[in-house]
Every structure is written in structure tokens, then in C-alpha cells.
Amino acid sequence: MTMTFFSRLDLQEGLQTLSVLQWLPVYVFLGAIPIILIPYFLVFTKFWSLAVLSLAWLAYDWKTHSQGGRRSAWVRNWTLWKYFRNYFPIKLVKTHDLSPKHNYIIANHPHGIVSYGVFINFATEATGFARIFPSITPSVGTLEGIFWIPIVREYVMSMGVCPVSKLALKYLLTQKNSGNAVVIVVGGATEALMCRPGASTIFLKQRKGFVKLALETGAYLVPSYSFGENEVHNQETFPEGTWLRFFQKTFQAIFKKILGLNFCTFHGRGLTRGSWGFLPFNRPITTVVGEPLPIPRIKKPNKKTVDKYHALYISALHKLFNQHKVEYGLPETQELTII
């Protein structure tokens with residue numbers, strides 16, 4: 001009986017590890033394969049027609065990802081995502097109701113390396129978003145380049161992921177009636193470079209585009225914070241003047257210029273606990289969704305108005321952070337640093 005218990009425990013842990021393992025390289029394998037193979041098929045093989053059809057479909061369906069996408073309740077409810085949730089585990093906490101009479105911009109912090117909390121809580125139903133926020137449809141914003149890649153675009157669209165472009169976000173907030181929530185990790189790739197265990201530093205002072213979008217659409221602003229997001233990977237910054245630092249800065253410049261990404265030098269655990277690798281550590285992530293901040297709809301808001309509501313948002317975020325930091329693992333003296 002004891003052996004059976006441990007066998008089941010090992011199986012559960014193995015499935016949890018595999019569920020995360022399949023997600024980390026998904027953009028690399030599913031993204032790189034079409035990019036490499038389509039030109040190859042076009043030029044060197046008799047399967048050139050498959051490459052042509054793939055590109056033709058991409059051209060024909062080009063506007064879909066910017067016009068609400070093609071979500072699938074079936075994909076969002078895969079059991080796979082529950083194993084993913086339990087790996088950390090990840091939790092979604094509601095502090096206030098979101099009325100379906102309005103649209104929302106849920107701004108999330110911090111970015112972390114991969115934004116596991118945002119992905120599981122808003123792009124899947126593993127933590128019960130539809131039950132916790134009934135009649136609200138979430139859409140998670142990410143880099144538009146992902147939607148240029150065949151296969152990958154279908155996969156991410158099925159989960160309700162959309163480009164974090166003004167065109168796509170504005171469509172969701174103005175052309176889909178009410179009850180929509182777009183989720184934006186405001187700090188983006190710049191903030192990813194700041195994440196490390198114990199840190200609560202976010203990049204927000206100069207990020208005002210989401211506030212301007214809220215004013216232009218009348219969408220309520222909702223602060224959210226993923227406690228524990230920075231704890232699941234260790235990030236290395238090598239000393240200035242070393243060859244490791246030289247290569248690190250070189251790769252960061254290349255990634256930023258070509259892909260619009262910042263190159264993070266990070267590590268975590270391996271396939272087994274205690275080993276070294278690139279899987280995240282098994283540490284809890286709790287995303288707390290705060291109180292909606294009502295925003296007036298102004299067709300062309302001026303800088304003064306944008307600054308006013310940006311300041312109100314920062315105040316609401318500080319309040320949310322301070323109310324919940326101790327409950328979710330931070331010391332009472334920990335402060336939220338905004339740069």
C-alpha cells in the first residue's frame with residue numbers, strides 16, 4: 001500500500017513536470033520548425049504545396065488574431081493545465097467583483113521570466129477564472145510576432161491570447177460589447193531583466209500607454225499582482241568587465257533588436273528536485289486581482305489626464321500590494337519599488 005501511494009505520488013509529480021516542460025519550448029520548437037521547414041519545402045522538396053497552403057492560410061486569416069481571435073473552451077479546459085497549476089501551485093484570488101456591464105484592462109505585475117501566473121490564471125481555466133469572474137471573457141496580450149508563425153498562432157489563439165497591440169486591444173474593448181477583460185503584463189521584457197527572488201521592483205513610471213487606452217475606450221483599470229512570480233527562477237547578472245558579461249550584453253542587444261525580447265540569463269531546477277536546469281522551482285504563485293478603477297471615456301485624452309489616472313493606478317497598486325504581501329510570503333517591511 002505504501003509503495004502504491006509513492007508510485008501515485010511520483011506519477012503526479014512526473015505529469016506536473018511534463019506539463020510545464022511542454023510549454024517552455026513550445027515557441028522554440030513549434031515556432032522554429034515552420035520558419036525553417038517552409039522555405040526548405042518551397043525550394044527543395046515535392047511538398048512545396050504544403051508550404052504554399054500554410055502561407056496562403058496565414059495571409060487569408062491574417063486579421064483574425066487582431067479581431068478577437070479564435071478561442072476554444074475545450075483547449076482552455078485541458079486537464080494538462082491543472083497539472084501545470086499544481087506544479088507550483090498557482091492560485092487566483094478575487095478581491096472585488098467585475099461587473100459584466102463594463103470592459104476592463106487588467107494590468108499585471110511583475111513580469112517574471114515567463115509570466116506563469118498570468119498564463120495559467122487568464123489563458124486557461126485551471127484556476128477557475130470563469131467561475132470566479134462569471135460573464136467576463138479574458139484575453140491575454142503577448143508579442144505580435146508569435147502570430148506570424150503557423151501552428152503556434154492557432155495554439156495560442158485557442159487559449160484567448162491576442163497581440164498586445166493597440167489595434168487588437170482596442171477591438172476587444174470597443175467591438176465586442178461588454179464583459180471583456182484584456183490582460184497586459186505592463187512591465188514587459190524590460191521588467192523581466194529585473195526579476196529575481198526576493199525582488200519587488202517593477203517597471204511602470206514610463207508605461208502609460210495602457211492608461212491612455214483605458215481612457216480612449218472607457219475600460220476600467222484593474223491592478224493585479226502575482227506574488228511569487230519572481231521566486232521561480234534565479235537570474236544571473238555577471239560582473240562588468242568579464243567575458244561572461246560581454247556575451248550576456250551582446251546577446252541581449254541581438255534579441256532586443258531582432259525579436260523585441262530581452263535575453264535573460266536564468267536557471268531553475270532540472271527534471272528532478274534538487275537538480276540544476278531551466279524548469280521553474282516548485283514555489284507558489286498567487287495572482288491577486290484588485291478593485292476596478294472607474295475610467296471616463298475620452299476620445300483624445302491629454303497628457304495631464306493620462307498622468308492623473310496613471311497616478312491613481314499606481315496608488316491602487318501600492319494598496320493592493322501592501323494589503324496582501326504578508327499573506328503571500330513577503331515580509332511586512334517589503335516595499336513595492338516602481339521605476
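Nothing here was measured: the structure is a model prediction, and the numbers come from that model.
A donor-acceptor contact under 3.5 angstrom links the side chains of H233 and Y116, judged on distance only. With hydrogens and angles left out, the side-chain atoms of N103 and S178 include no donor and acceptor closer than 3.5 Å. Between the side chains of R71 and S139, at least one donor N or O lies within less than 3.5 Å of an accepting N or O.
In this structure, the separation between CG on L213 and NZ on K208 is 16.0 Å, given to the nearest 0.5 Å. In this structure, the separation between CG on L167 and NZ on K63 is 9.5 Å, given to the nearest 0.5 Å.
Classification of the W23-F119 ring pair by plane angle, with boundaries at 30° and 60°, yields parallel. The aromatic rings of F84 and W81 sit tilted relative to each other, their planes meeting at an angle between 30° and 60°.
By the 6.0 Å contact criterion, CH2 on W148 is open, its count of non-hydrogen atoms from other residues, nucleotides or ligands being 12 or less. Within a 6.0 Å sphere centred on NZ of K94, heavy atoms belonging to other residues, nucleotides or ligands number more than 12. Y309 OH: more than 12 foreign heavy atoms inside a 6.0 Å radius. Surrounding NZ of K325 are more than 12 heavy atoms belonging to other residues, nucleotides or ligands, all under 6.0 Å away.
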Report the C-alpha distance between F321 and F227 in whole Å, list the side-chain angles of each, state the deciding distance to 0.1 Å, and finish with yes or no for ring pair (Phe, Tyr, Trp, His ring centres under 6.0 Å). CA-CA 9 Å; F321 180 85; F227 293 94; 5.7 Å; yes
